[in-house]
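Note that the structure is predicted; figures quoted are calculated from it, not measured. Residue numbering restarts at 1 for every chain, and letters A, B, ... go by the order of the sequence lines.
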Protein chains: 2
Amino acid sequence: MDKSSSDLRVVKTRAAIQSHFLELLLQKNFNEITVIDIAKAANIGRGTFYLHYIDKFDLLEKVMEEGLSETVSHFQPETYFDNGRAIPDRMIHFVLSMFGHFRENERFFRAMLFNKGIPNFKSRMQQLFLSKFRREISSMVPMTSGVDPITMEILPVFISSGMIGLVEWWFRNNMRISEKDMARKIFQVMTRGPLQTLGFTIEEKNEH
Amino acid sequence: MDKSSSDLRVVKTRAAIQSHFLELLLQKNFNEITVIDIAKAANIGRGTFYLHYIDKFDLLEKVMEEGLSETVSHFQPETYFDNGRAIPDRMIHFVLSMFGHFRENERFFRAMLFNKGIPNFKSRMQQLFLSKFRREISSMVPMTSGVDPITMEILPVFISSGMIGLVEWWFRNNMRISEKDMARKIFQVMTRGPLQTLGFTIEEKNEH
DNA sequence: ATCGTTACTGAACACTGTGTTCAATAATTA
DNA sequence: TAATTATTGAACACAGTGTTCAGTAACGAT
């Protein structure tokens, strides 16, 4: 049923397809890429493509999946909080290693983030961040037991979404900011909040 | 060259196309929608479609553009800051009216945010938020003149991206949180920051 | 109400890309 | 080396595209 992926030929063909597909994605809109293009670029017969993937959407799906699950494996579960205290070093270290991973897989992330025809990628990446932050936050129940449930839902959404935006921005600016600086800035915003980071004093109001 | 859009027939056809297109987007993947589908749904000849749009991508583009520029018109330029003080009421009011607009145009935003074949929409929406926040933040130069430039760039990115995530989340949860509550929560996170909102005390470190 | 204009219809057209099939060939494993 | 299996390349029917054109219907202006 499944092609024995230990066969050298299979490995080669799939690698060729995926690699040239990424290359094409960096050059033109996913909508405009045909199976013919892919086969031509990868130097394989068009029929061969269909021996491995259902269609180009399937290929995209597989490539995405693979790249993202590799990314996930860099989410080692650490404890960033210690009874409401602590944080800084471990948190910064986490963000640092994330951005390292992004830099190492620049081709993949550029293709996925910036190709105009690819839907969904940011959503799926956000999903990863989201479940990471959700796990993180809900694991500190003793600390956050007083916080209202809506806030508990909203925060990881806001954070994960904001993080994706930052990653995208970082790539768009050709990664000119060092991973270390990114980590520091993010830590700062997380702890002091956007407005205080900008130097504003907040006029307190009755909460809740 | 351009069809006189005062002609009733033109107005009718375009309205029919756009409306049924939205309907189709709510039902199935953009990739799977054909011009044939659209023409059939809108009860027009297939050729007629091409008298108004180049192809389905062009149609999507126009619909997006229209919806987004209407959204933009709700971004009245207000001053939320008064010499580093102030904020609360006006800011909350702004977010409040935004979410009101989202609720009123639910069909449009649902189609654009959740259809799996549509790329780009979130990016473009974020672009809107981004330029809004950039304008806002850079207009308070006296206040923020001490803030380092990287932070000045990163913050609006983080905020706008986070906001998009919240909007998406809000729709996905069938808008069960009132606009007022959303506005309050967002204000809270903006001012106190994610971690303080969760009740954490931050162990200070040397900044910069 | 009539007339001139213009949008719509529907069928036909060539064309591009899809996904499948099949016998022949090449590469791989054991 | 033999047996297996992946790849090739050509052919096939098919779906959808984008354009054309003569005929018809709807519109705006007077």
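Atom NZ in A:K40 sits about 15 Å away from atom C1' in C:dT18, given to the nearest Å.
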Margin query: Does A:F114 form a ring-ring contact (aromatic ring centres under 6.0 Å, His included) with A:F109? I'd like the steps, not just the answer.
Written below: CA-CA 8 Å; A:F114 298 138; A:F109 285 105; over 10 Å; no
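Heavy-atom neighbours of B:E66 CD from other residues, nucleotides or ligands within 6.0 Å: at or below the threshold of 12. For B:I54, the CD1 atom sits in a loose shell: 12 or fewer heavy atoms of surrounding residues, nucleotides or ligands are nearer than 6.0 Å. A:K40 NZ: 12 or fewer foreign heavy atoms inside a 6.0 Å radius.
Remark on the helix from C:dA1-D:dT30 to C:dA30-D:dT1: inter-end axis angle 50°, axes from five-pair C1' superpositions, rounded to 10°.
A salt bridge links A:D58 to A:K62: one of the charged nitrogens lies within less than 4.0 Å of a carboxylate oxygen. Residues A:K116 and B:E61 are not paired through a salt bridge, judged by the lack of any N-O separation under 4.0 Å between the basic side chain and the carboxylate.
At a cut-off of 3.5 Å, with distance as the only test, no side-chain donor of A:S97 or A:H74 sits close to an acceptor on the other residue.
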Next item on the list: Can you check each nucleotide of nucleotides 8-23 of chain D against protein heavy atoms at under 4.0 Å and return B for base, S for sugar-phosphate only, - for none, in 5' to 3' order?
Entry: B--B----SBBB----
Check: How does each nucleotide of nucleotides 25-30 of chain C score, in 5' to 3' order, for protein heavy atoms under 4.0 Å: base (B), sugar-phosphate only (S), or none (-)?
Finding: -BBSS-
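With ring centers used as reference points, B:F121 lies under 6.0 Å from B:F108. Aromatic pair A:F158/A:F133: ring centres not closer than 6.0 Å.
Screening A:F129, A:F99, A:F75 for a ring pair (Phe, Tyr, Trp, His ring centres under 6.0 Å) involving A:F94 leaves a single residue, A:F75. Of the residues listed (A:R46, A:K28, A:K56), the one engaging A:D37 in a salt bridge (Lys or Arg N to Asp or Glu O under 4.0 Å) is A:K28, and it is the only one.
Remark: A:H52 is in phosphate contact with D:dT7, judged by side-chain N or O atoms under 4.0 Å from OP1 or OP2.
Every pair passing ring pair (Phe, Tyr, Trp, His ring centres under 6.0 Å) that includes a residue from residues 14-34 of chain B is listed here, sequence neighbours excluded: B:F30-B:F57. Sorted by first then second residue, the ring pair (Phe, Tyr, Trp, His ring centres under 6.0 Å) pairs that include residues 31-50 of chain A, not counting sequence neighbours, are A:F49-A:Y53.
Residues from residues 15-32 of chain B that place a heavy atom under 4.0 Å from any atom of DNA chain D: there are none.
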